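This is a predicted model, so every value here is computed, not measured. All values below were derived from every heavy atom in this structure, side-chain atoms included, with hydrogens, water molecules and symmetry-related copies excluded.
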Amino acid sequence: MEDGYLKANPASRLGRFLRAKDQKLNKEICPYTASELALYLNTCKEHYPEFYAFFLTLSRTGMRLGEALGLQWGDIDFASGFLEVKRALVRDQVTTPKSGKTRRVDMSPQLNATLSAHFKRRKEETLRKGWKEVPEWVFVNGDGKPLNQGNIRGRIHYKICEKAKLRRIRIQDLRHTYATLRLSAGHSLPDVSKQLGHASVKTTVDTYYHWIPGHKRNEVSELDELGKATTNRDLSAISNQ
């Protein structure tokens with residue numbers, strides 16, 4: 001098209017054929033187990049230490065990729081142990097979080113300590129490179145600019161999966177990993193829902209139903225016991241005839 005040989009791009013409308021399939025795939029949840037996540041993070045720390053704080057943040061908060069990229073130092077309260085999700089950075093554009101609302105997310109002690117050390121290194125880097133001030137963004141590249149979504153996904157995340165010899169999951173599955181690990185451990189459903197920024201607890205239940213411990217699963221297991229009891233009564237009745 002640029003050279004004038006074609007008047008229109010014949011591949012420009014392929015999206016309408018692939019969209020339905022892609023949407024189905026995007027809805028699939030493929031979280032890591034606790035041991036897989038530990039291996040993933042250890043591999044990141046060994047091979048890509050400069051990105052360890054970023055991926056630990058995704059894994060310990062359940063933040064969306066754009067929300068983590070949009071995190072600024074002023075959003076973090078190290079003393080109280082929480083951070084605030086105020087914006088998202090999508091395709092180099094600053095937007096509001098998906099819910100449209102600011103939310104507070106608790107930090108684990110490990111994440112708090114890691115981000116604190118990350119801030120200290122950033123201040124040292126600022127002095128070393130002669131920057132006028134510490135970049136406001138928490139996660140930046142070598143030029144002090146926010147990280148690029150495509151680069152962080154393709155050049156780092158997938159490489160970590162490969163080096164760790166783990167199944168290749170999407171980067172948003174780290175968010176799902178956070179949710180499923182907490183819910184499987186019996187953590188408060190409303191709290192997990194709030195931390196994720198879901199519009200309602202129903203959204204959380206609909207998304208992670210199979211990872212939520214509850215009476216329904218126990219009730220299904222009780223069918224075996226009911227079946228045994230019925231069989232025993234039937235056999236007893238037959239023997240008495």
Side-chain angles (χ1 to χ4, degrees), residues 18-41 54-71 75-77 80-90 95-112 149 153 157 161 166-227:
L18 302 176
R19 189 177 298 114
K21 181 179 179 181
D22 289 343
Q23 288 177 347
K24 182 178 179 181
L25 290 174
N26 286 337
K27 291 181 180 179
E28 295 179 357
I29 296 175
C30 301
Y32 277 151
T33 63
S35 58
E36 286 175 327
L37 179 60
L39 177 57
Y40 175 93
L41 291 172
F54 177 77
F55 286 105
L56 184 68
T57 298
L58 291 179
S59 304
R60 291 289 188 268
T61 65
M63 294 171 69
R64 299 177 179 89
L65 175 58
E67 293 172 343
L69 292 174
L71 190 65
D75 304 330
I76 303 177
D77 188 328
S80 299
F82 69 83
L83 56 83
E84 290 185 295
V85 179
K86 297 181 178 179
R87 72 195 70 75
L89 197 59
V90 181
T95 67
T96 60
K98 188 174 182 179
S99 64
K101 300 178 181 179
T102 296
R103 73 179 186 276
R104 179 177 294 188
V105 178
D106 295 326
M107 293 191 295
S108 69
Q110 180 189 19
L111 178 59
N112 196 327
Q149 280 191 346
R153 181 185 290 108
H157 168 65
C161 297
L166 289 167
R167 51 197 169 87
R168 179 167 163 163
I169 65 172
R170 303 161 305 172
I171 200 166
Q172 59 261 45
D173 283 317
L174 293 177
R175 170 177 166 84
H176 295 318
T177 297
Y178 165 87
T180 55
L181 288 179
R182 287 201 60 186
L183 292 172
S184 297
H187 294 184
S188 167
L189 177 57
D191 181 64
V192 174
S193 181
K194 183 178 179 181
Q195 300 279 305
L196 290 170
H198 283 167
S200 68
V201 173
K202 181 180 183 302
T203 301
T204 311
V205 173
D206 290 344
T207 306
Y208 303 109
Y209 174 80
H210 294 293
W211 284 273
I212 300 175
H215 297 296
K216 292 185 181 298
R217 186 173 298 175
N218 295 333
E219 289 169 0
V220 172
S221 300
E222 289 172 5
L223 289 175
D224 293 340
E225 300 303 321
L226 292 173

I'd like to know if the side chain of D206 and the backbone of T203 have a donor-acceptor N/O pair within less than 3.5 Å.
no
Side chain to side chain contact (heavy atoms under 4.5 Å, CB included) test vs R87 passes for just one of L71, T95, D75, namely D75
Would a 4.5 Å heavy-atom cut-off, applied to side chains only, mark L183 and Y209 as touching?
no
Show your working on side-chain contact (heavy atoms from CB on, under 4.5 Å) between F54 and L58 and close with a plain yes or no.
CA-CA 7 Å; F54 177 77; L58 291 179; 3.7 Å; yes
S193 side chain vs L189 backbone, donor-acceptor pair below 3.5 Å
no
Are the side chain of T180 and the backbone of W211 linked by a donor-acceptor contact shorter than 3.5 Å?
no
Would you say the side chain of H210 lies within less than 4.5 Å of the side chain of I29, judging by non-hydrogen atoms?
no
Between CD of Q110 and CG of L56, what distance do you get to the nearest 0.5 Å?
5.0 Å
Have a look at T204 and tell me which of K194, Q195, H198 forms a side chain to side chain donor-acceptor pair (under 3.5 Å) with it.
H198
Quick check: does any side chain N or O of R175 sit under 3.5 Å from a backbone N or O of L196, one acting as donor and the other as acceptor?
yes
Inter-residue atom distance L181.CG - T33.OG1, 0.5 Å rounding:
7.5 Å
Compare every heavy atom of T57 with every heavy atom of M63, then report the nearest pair and how far apart it is.
SD-CG2, 4.0 Å
Report yes if the side chains of R60 and L41 come closer than 4.5 Å at any heavy-atom pair, otherwise no.
yes
Rounded to the nearest 0.5 angstrom, the CZ-CD1 distance for F55 and I171 is 4.5 Å
Nearest heavy-atom neighbours spanning P97 and K86
CD-O, 3.4 Å
Partners of R64 by salt bridge (Lys or Arg N to Asp or Glu O under 4.0 Å), sequence neighbours excluded?
E67
Is a side-chain N or O of D173 found less than 3.5 angstrom from the main chain of C30, in a donor-acceptor match?
yes
Note, H176 side chain near I169 side chain (heavy atom, < 4.5 Å):
no
When you compare the side chain of L174 with that of Y40, does any pair of heavy atoms fall below 4.5 Å?
yes
So CE of M107 and CG of N112: to nearest 0.5 Å the spacing works out to 4.0 Å
Results of salt bridge (Lys or Arg N to Asp or Glu O under 4.0 Å) for D191 - residues two or more places apart only:
R182
Determine, step by step, whether E36 and T177 satisfy the side-chain contact (heavy atoms from CB on, under 4.5 Å) criterion, reporting the C-alpha distance in whole Å, the side-chain angles of both residues, the deciding distance to 0.1 Å, and the verdict.
CA-CA 10 Å; E36 286 175 327; T177 297; over 6 Å; no
Flag, side chain of Y32 to backbone of R167, donor-acceptor distance under 3.5 Å
yes
If I compare all heavy atoms of P213 with all of S184, which pair ends up nearest, and what's the gap?
CG-O, 3.8 Å
